[in-house]
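Written out below as structure tokens is the structure these notes cover.
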Amino acid sequence: MKLLIVEDESELLQNIVTYLSRGDIVCETADSYEAARIKLTGYAYDIVVLDLMLPDGNGFEILKLLKSIDPETGVLIISAKNALDDKVKGLELGADDYLTKPFHLPELNARLKSIYRRRKFQGRDEIVFGEIIIHPDTHEVLIDGEEIILTVKEYELLLFFVANKGRVLTKQTIAEHLWGDNVDVLDSFDFVYQHIKNLRKKITEGGSPDYIHTIYGLGYKFTERVN
Amino acid sequence: MRLIVKTTLFYLLISLIVFSIGGVAALRLIRLEVDNETDYSLRDSYLDARQAIERGVSLSALNTRKVRIDSIPIEKIRDTTLIFSDTLGPHPRLDTSEPYRMLTTKKVIKGQGYHFVIQDVFLELDDSYGIVVKIMTRLFLLLGGISVLVMFVISRVIFRPFRITLRRIEDFNVTRTDTMPFPRTSTWEFKHLNRFIGRMMQKAQRDYRALKEFAENASHEIQTPLAIAQGKLELLMETEGMNRQQIEFIQSAQASLGRLSKTSEALLLLTRIENQALIPKNKTDLSKVTRQLLGTFRDLAALRGIGMTIDVDDEVEVAIEPALSEIMISNLLKNAVRHNYENGWIRVNLDHQGLVIANTGAEPTIPIDQLFDRFQTLGKGNHSMGLGLAIVQKICEIHKYDIKYTFDDGIHRLNVNF
């Protein structure tokens with residue numbers, strides 16, 4: 001997956017690039033409207049991660065430009081929260097998704113993969129991890145060709161794990177991904193454990209190794225490599 | 001009471017006193033003049049009678065109703081001065097008595113002594129009193145009428161700029177960026193007043209704007225470093241060989257950053273709501289918004305075993321920004337989940353009158369009237385910043401909704417009336 005990240009805050013840009021580059025994502029960066037314009041006219045990207053607030057221009061202009069050059073490119077807007085109308089406007093202009101700052105890097109990663117799948121395969125591909133095959137279009141999960149039945153949350157959890165394979169996911173990141181930002185009304189994220197337990201049980205019962213590794217006190221990691 | 005009415009009334013009161021004093025003085029003067037004139041005419045009559053006696057006219061011919069002359073022995077005459085006095089005499093036609101002025105004197109004319117009694121009715125005090133009162137009353141009424149008329153004209157014409165200035169002050173809204181111009185006036189005091197108030201208004205609005213901009217900018221500038229720090233912590237988590245203590249440090253740093261970020265977000269939202277204090281013309285379908293939110297909150301509530309019963313009427317349409325309605329309802333639902341028991345319940349009721357959210361929960365630990373204040377939280381173990389209800393209240397205030405909270409028999413009930 002080839003990415004252009006348009007973000008004027010160099011440290012934030014650095015974070016995103018460092019995080020995403022560990023996977024199979026190629027990141028290019030632009031720290032201004034002008035730099036983004038030059039790169040977009042010269043090269044093609046799968047997805048553009050776009051900060052709306054740029055020192056020398058408005059991110060919406062880049063979005064319009066991009067859609068006129070290559071409408072097939074996916075766009076994920078990242079912007080400060082509270083810009084109540086920005087989300088609506090961004091999606092109207094053809095952005096695929098919208099993420100407000102501050103966000104969890106695994107969340108960004110999962111969303112980018114989701115956009116990529118939708119754009120590239122119209123969701124009709126399959127995600128393979130060892131014995132596990134996921135069909136995002138039908139929400140089917142197969143282990144060694146046998147379908148296992150997951151609840152909606154378990155399915156989303158598995159998808160989130162696979163998108164962030166080999167990465168540490170905290171309970172909070174998982175909780176916010178599955179239940180949204182309002183999850184902070186709950187005093188603890190211990191309920192995540194219950195869902196992990198159920199998913200783990202269904203996967204192992206289906207005949208797959210236990211890929212979900214608990215990192216004590218921190219969260220979970222979905223990986224083939226056994227520590 | 002209006003200034004002009006007050007001054008006019010005061011003026012009329014003073015006039016009344018002046019007129020009363022004037023009336024008394026006039027009465028006295030009239031009385032004095034009448035006395036003088038009467039005495040003068042009595043003296044004339046006496047001199048006429050005296051001349052007539054000198055000419056030899058008989059006494060019987062001189063005696064009338066008003067003049068009586070008797071001849072008296074000459075040795076009885078000691079004092080020959082003219083004595084004036086007041087007396088009462090019979091009315092010529094009516095059967096009453098009336099005041100008379102009387103001149104009595106004794107004189108020797110051609111060796112014969114005479115006793116003169118000459119009297120004349122003079123203008124009654126009652127009559128003069130009546131006349132003076134009548135004149136004064138009429139003058140006073142005339143003055144009163146003119147004063148009211150003048151007051152009317154002054155208030156209409158001269159005080160017009162002042163009234164407009166007052167209206168501008170009443171309409172003044174520190175959150176607006178425009179100022180209504182003051183009317184041109186040639187009155188020195190009004191000119192100064194307008195200039196002063198205009199300057200004050202502009203300054204107030206400028207300061208308010210600066211404050212708001214500061215709040216917005218500060219909050220915005222906080223989000224970026226927070227996002228950077230959170231990203232760094234996430235990257236740090238990915239590094240190999242972290243021990244448990246290090247991981248715990250990272251977790252707690254992340255939690256604190258999260259709280260800080262939510263707090264500044266909420267504060268920014270509060271300022272934004274205040275700044276864009278506009279009620280849109282378009283209506284939002286609250287039924288739809290509520291149903292959507294209930295979908296996500298039902299999941300969250302279920303995690304604590306909290307059951308939700310929902311009674312939402314169709315097409316409850318209200319003039320409110322969709323995003324704001326979402327914030328309002330989700331903040332209320334958050335509270336209903338947060339301040340609840342495990343396995344409690346939440347009831348949501350939406351109809352055209354309003355929204356009622358009732359839920360089980362412990363008694364609030366802060367007084368109910370402080371519940372809507374900023375940074376009021378229930379309990380220490382709570383993750384809430386205490387800005388949720390303040391935001392809801394601000395939204396209600398702008399849209400003129402009534403918001404009421406009651407706690408009764410273990411049930412929290414929040415009522416928003418549209």
Side-chain angles (χ1 to χ4, degrees), chain A residues 7-16 18-19 22 51 53 78-85 87-88 100-108 152-153 166-173 175-176 178-192 194-195 215-219 221 227, chain B residues 216 219-220 223-232 234-235 237-239 242 244-245 247-248 250-251 254-255 257-259 261-262 264-266 268-269 271-272 276 293 296-297 299-304 321-324 326-327 330-331 333-340 381-384 388:
Chain A
E7 164 68 60
D8 62 311
E9 200 65 44
S10 68
E11 284 289 326
L12 203 56
L13 190 61
Q14 200 61 48
N15 286 353
I16 297 170
T18 311
Y19 191 85
R22 289 183 193 169
D51 183 5
M53 304 265 278
I78 47 174
S79 178
K81 215 165 203 157
N82 300 306
L84 300 175
D85 321 314
K87 184 171 181 174
V88 178
T100 52
K101 283 184 201 169
F103 47 81
H104 294 292
L105 292 171
E107 184 66 34
L108 174 67
V152 176
K153 294 290 179 213
R167 295 178 187 280
V168 180
L169 298 176
T170 63
K171 279 186 285 189
Q172 189 188 351
T173 310
E176 281 180 17
L178 294 187
W179 285 277
D181 282 348
N182 291 326
V183 81
D184 64 331
V185 300
L186 302 170
D187 290 336
S188 79
F189 302 124
D190 292 343
F191 57 89
V192 170
Q194 194 59 40
H195 286 81
I215 301 166
Y216 185 83
L218 186 52
K221 193 192 252 186
N227 289 332
Chain B
E216 274 203 48
S219 195
H220 191 259
Q223 292 302 333
T224 307
L226 277 177
I228 293 167
Q230 279 191 337
K232 295 289 180 215
E234 267 163 357
L235 292 173
M237 272 193 317
E238 295 278 303
T239 56
M242 302 284 277
R244 196 200 282 186
Q245 202 187 24
I247 286 166
E248 274 165 11
I250 294 174
Q251 286 254 343
Q254 274 185 323
L257 286 182
R259 280 190 66 178
S261 151
K262 293 227 169 186
S264 82
E265 239 168 51
L268 176 56
L269 185 63
T271 13
R272 282 210 172 214
Q276 311 173 338
L293 284 169
T296 61
F297 276 94
D299 278 356
L300 283 171
L303 290 172
R304 293 190 69 189
E321 208 73 56
L324 284 187
E326 210 180 303
I327 288 162
S330 72
N331 277 352
L333 288 172
K334 269 188 203 175
N335 280 339
V337 176
R338 187 178 276 136
H339 306 297
N340 213 325
N382 218 297
H383 293 306
S384 139

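Since the model is a prediction, treat every value here as computed from it, not as a measurement. First the proteins, then the strands, lettered A, B, ... as listed; each starts at 1. Keep in mind that the numbers below use all heavy atoms, side chains included, and drop hydrogens, waters and symmetry copies.
- To the nearest 0.5 Å, atoms CD1 (A/I215) and CZ (B/R244) are separated by 13.0 Å.
- Interatomic distance, A/N182 CG to B/L293 CG, rounded to the nearest 0.5 Å: 7.5 Å.
- In this structure, OG1 on B/T224 lies 7.5 Å from CE on A/M53, to the nearest 0.5 angstrom.
- Taken from CG in A/D181 to OG1 in B/T296, the straight-line distance is 10.5 Å, to the nearest 0.5 Å.
- Heavy-atom distances place no part of B/E326 under 4.5 Å from chain A, backbone and side chain included.
- Heavy atoms of A/Y19 lying under 4.5 Å from chain B belong to its backbone as well as its side chain.
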List the steps and the verdict of side-chain contact (heavy atoms from CB on, under 4.5 Å) for B/Q254 and A/T173. CA-CA 11 Å; B/Q254 274 185 323; A/T173 310; 6.0 Å; no

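- Between B/L300 atom CG and A/W179 atom CH2 the span is 8.5 Å, to the nearest 0.5 Å.
- Options B/I250, B/I247, B/L226, B/V337 differ in how many heavy-atom pairs under 4.5 Å they form with chain A, and the most are formed by B/I247.
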Dump the intermediate steps for side-chain contact (heavy atoms from CB on, under 4.5 Å) on A/D184 and B/R338, then the final yes or no. CA-CA 9 Å; A/D184 64 331; B/R338 187 178 276 136; 4.1 Å; yes

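- In this structure, the side chains of B/L235 and A/Q14 stay at 4.5 Å or more apart for every pair of heavy atoms.
- Counting heavy atoms from C-beta outward, B/Q223 and A/S79 have side chains that stay 4.5 Å or more apart.
- Across every non-hydrogen atom of B/E234 and A/L105, the tightest pair is OE1-N, 2.8 Å.
- Proximity of a side-chain donor or acceptor of A/E11 to a complementary backbone N or O of B/I228 within less than 3.5 Å is not detected.
- Options B/K334, B/Q230, B/E238 differ in how many heavy-atom pairs under 4.5 Å they form with chain A, and the most are formed by B/E238.
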